[in-house]
Amino acid sequence: EGQLLSAEEGGGFAQLMALLESERGDSASTLVVDGGDALGAAPLASFDQGALVAELLARASYDAMVVGNHEFDYGLDMLRVRLERMGFPVLAANVQVTGDNPFKKWVVVERAGLRIALVGLLSPAMAKVINPLRNPGLKIVAPAAALEQILPAMRDSADYIIALVHMEEDEALELAQ
């Protein structure tokens with residue numbers, strides 16, 4: 001997130017938007033996704049509990065994003081408000097919450113005549129860094145088990161499946177195997 005928010009680090013939303021515009025020349029074949037942690041941890045996000053960042057993400061027209069641990073920094077209720085404003089699917093197949101779950105497990109997007117299923121998975125290790133007092137009723141289940149439950153439906157609905165993961169590389173590689 002720091003690179004998305006800080007022009008000094010070679011990023012910034014203006015630069016991101018310019019890059020997306022240049023790459024979307026043929027929007028029928030471009031897929032825009034995010035690996036999570038967009039709504040928290042940086043000073044710009046903490047200033048207004050992620051409101052401005054959510055607005056900027058909405059303008060970026062992402063196809064989907066996997067939830068990261070920093071999305072929970074301001075609590076699940078605030079996260080629900082931010083996700084509604086963002087207007088694109090935030091995925092978390094292995095995250096369970098009490099009450100209305102704001103996350104989709106997976107979505108299908110069509111690009112260049114292909115149906116692509118996008119599924120989001122959050123590392124169970126993130127439960128150690130997510131504040132349980134701000135996020136009551138949040139549970140992160142094993143990614144492999146969650147994936148096994150939905151794979152048949154995804155295979156029937158899509159030509160390709162892409163997992164968006166918010167986890168360490170070794171966890172992602174183990175999951176892929």
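Residue numbers count from 1 along this sequence.
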Asker: My understanding is that only residues two or more places apart in sequence, or in another chain, count here; which of them pass side chain to side chain donor-acceptor pair (under 3.5 Å) with Asp63?
Answerer: Arg111
Asker: Step by step, work out the side-chain contact (heavy atoms from CB on, under 4.5 Å) result for Leu175 and Met167.
Answerer: CA-CA 10 Å; Leu175 179 64; Met167 57 184 64; 4.3 Å; yes
Asker: Taking the side chain as everything from C-beta on, heavy atoms only, tell me whether Val90 gets closer than 4.5 Å to Leu79.
Answerer: no
Asker: Please enumerate all residues that pass side chain to side chain contact (heavy atoms under 4.5 Å, CB included) together with Ala51, with sequence neighbours excluded.
Answerer: Asp48, Arg82
Asker: With a 4.5 Å cut-off on side-chain heavy atoms, are Leu147 and Met154 touching?
Answerer: yes
Asker: Would you indicate whether Gln96, at its atom CD, is surrounded by more than 12 heavy atoms from other residues, nucleotides or ligands within a distance under 6.0 Å?
Answerer: yes
Asker: Looking at every non-hydrogen atom in both residues, tell me the closest pair between Ala54 and Leu39 and how far apart they are.
Answerer: N-CD2, 3.9 Å
Asker: Just grab all the ring-ring contact (aromatic ring centres under 6.0 Å, His included) pairs involving residues 151-177, residues at least two apart or on different chains.
Answerer: none
Asker: May I have the step-by-step check of side-chain contact (heavy atoms from CB on, under 4.5 Å) for Asp37 and Asn69, ending in yes or no?
Answerer: CA-CA 6 Å; Asp37 275 358; Asn69 55 292; 3.2 Å; yes
Asker: Can you name the side chain to side chain contact (heavy atoms under 4.5 Å, CB included) partners of Asp77, sequence neighbours left out?
Answerer: Arg80
Asker: Determine yes or no for a side-chain-to-main-chain donor-acceptor pair under 3.5 angstrom, with Tyr74 supplying the side chain and Arg134 the backbone.
Answerer: no
Asker: With the side chain counted from C-beta on, respond yes when Val66 and Leu121 share a heavy-atom pair under 4.5 Å apart, and no when they do not.
Answerer: no
Asker: Suppose the criterion is ring-ring contact (aromatic ring centres under 6.0 Å, His included): which pairs have a residue in residues 93-127, not counting sequence neighbours?
Answerer: Phe72-Phe103
Asker: Partners of Arg59 by side chain to side chain donor-acceptor pair (under 3.5 Å), sequence neighbours excluded?
Answerer: Glu55
